[in-house]
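Input: a single structure, listed below in structure tokens.
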Amino acid sequence: MVSSAVRAGSVEACLERLAGDDRIPPAAWFGPGDGQGAGSALLPSSTVHHALAGTFGEASAVLGVLQCAGTIGWYAGGGAGPVYALAGRDGDDATAGLALLAPGRS
């Protein structure tokens, strides 16, 4: 389930908007590639990072589909908590992000 969808000028700004005022970190996240965002204070070391670009290449417009499929696998494997999926890097026209929750969660 999509909890929030945002668009921002950078990876860090996108993470900030997804975190919102409560600043609850995600349990897992799918980054936009090149390790961008990995050092963010909004992503503690306990947050699982999935870097799909290393496996699938840039994937272009399909990246979001792969990230959502990966999120389904995360929940099916017992994962719990919000998952962030980001596309677009610093220097691109924007970074888009989703905060995803397991079905039945809010």
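Numbering starts at 1 and runs along the sequence shown.
Listed by first and then second residue, the side chain to side chain donor-acceptor pair (under 3.5 Å) pairs that reach into residues 63-92 are D34-R89, E58-R89, sequence neighbours excluded. For residues 8-24, no pair satisfies salt bridge (Lys or Arg N to Asp or Glu O under 4.0 Å), with sequence neighbours left out.
How far CG of L98 is from OG of S4: 7.5 Å, rounded to the nearest 0.5 Å.
Shortest non-hydrogen contact noted between P25 and P82 is O-CG, 4.0 Å. In plain terms, the two heavy atoms of C14 and G97 that are nearest each other are SG-N, 3.5 Å. When all heavy atoms are compared, the tightest approach of T95 to G88 is OG1-O, 3.0 Å.
Residues V62 and V83 fall within the same hydrophobic cluster, defined by Ile, Leu, Val, Met, Phe, Trp and Tyr side chains chained together at heavy-atom separations under 4.5 Å. The hydrophobic clustering, which links ILVMFWY residues whose side-chain heavy atoms are closer than 4.5 Å, places L42 and I24 apart. Cluster annotation: V65 and I72 are assigned to distinct hydrophobic clusters (Ile/Leu/Val/Met/Phe/Trp/Tyr, side-chain heavy-atom contacts under 4.5 Å, transitive). Hydrophobic clustering (ILVMFWY, side-chain heavy atoms < 4.5 Å, transitive): L18 and W29 are in one cluster. One hydrophobic cluster holds both L86 and L43 under the rule that ILVMFWY side chains link at heavy-atom gaps under 4.5 Å.
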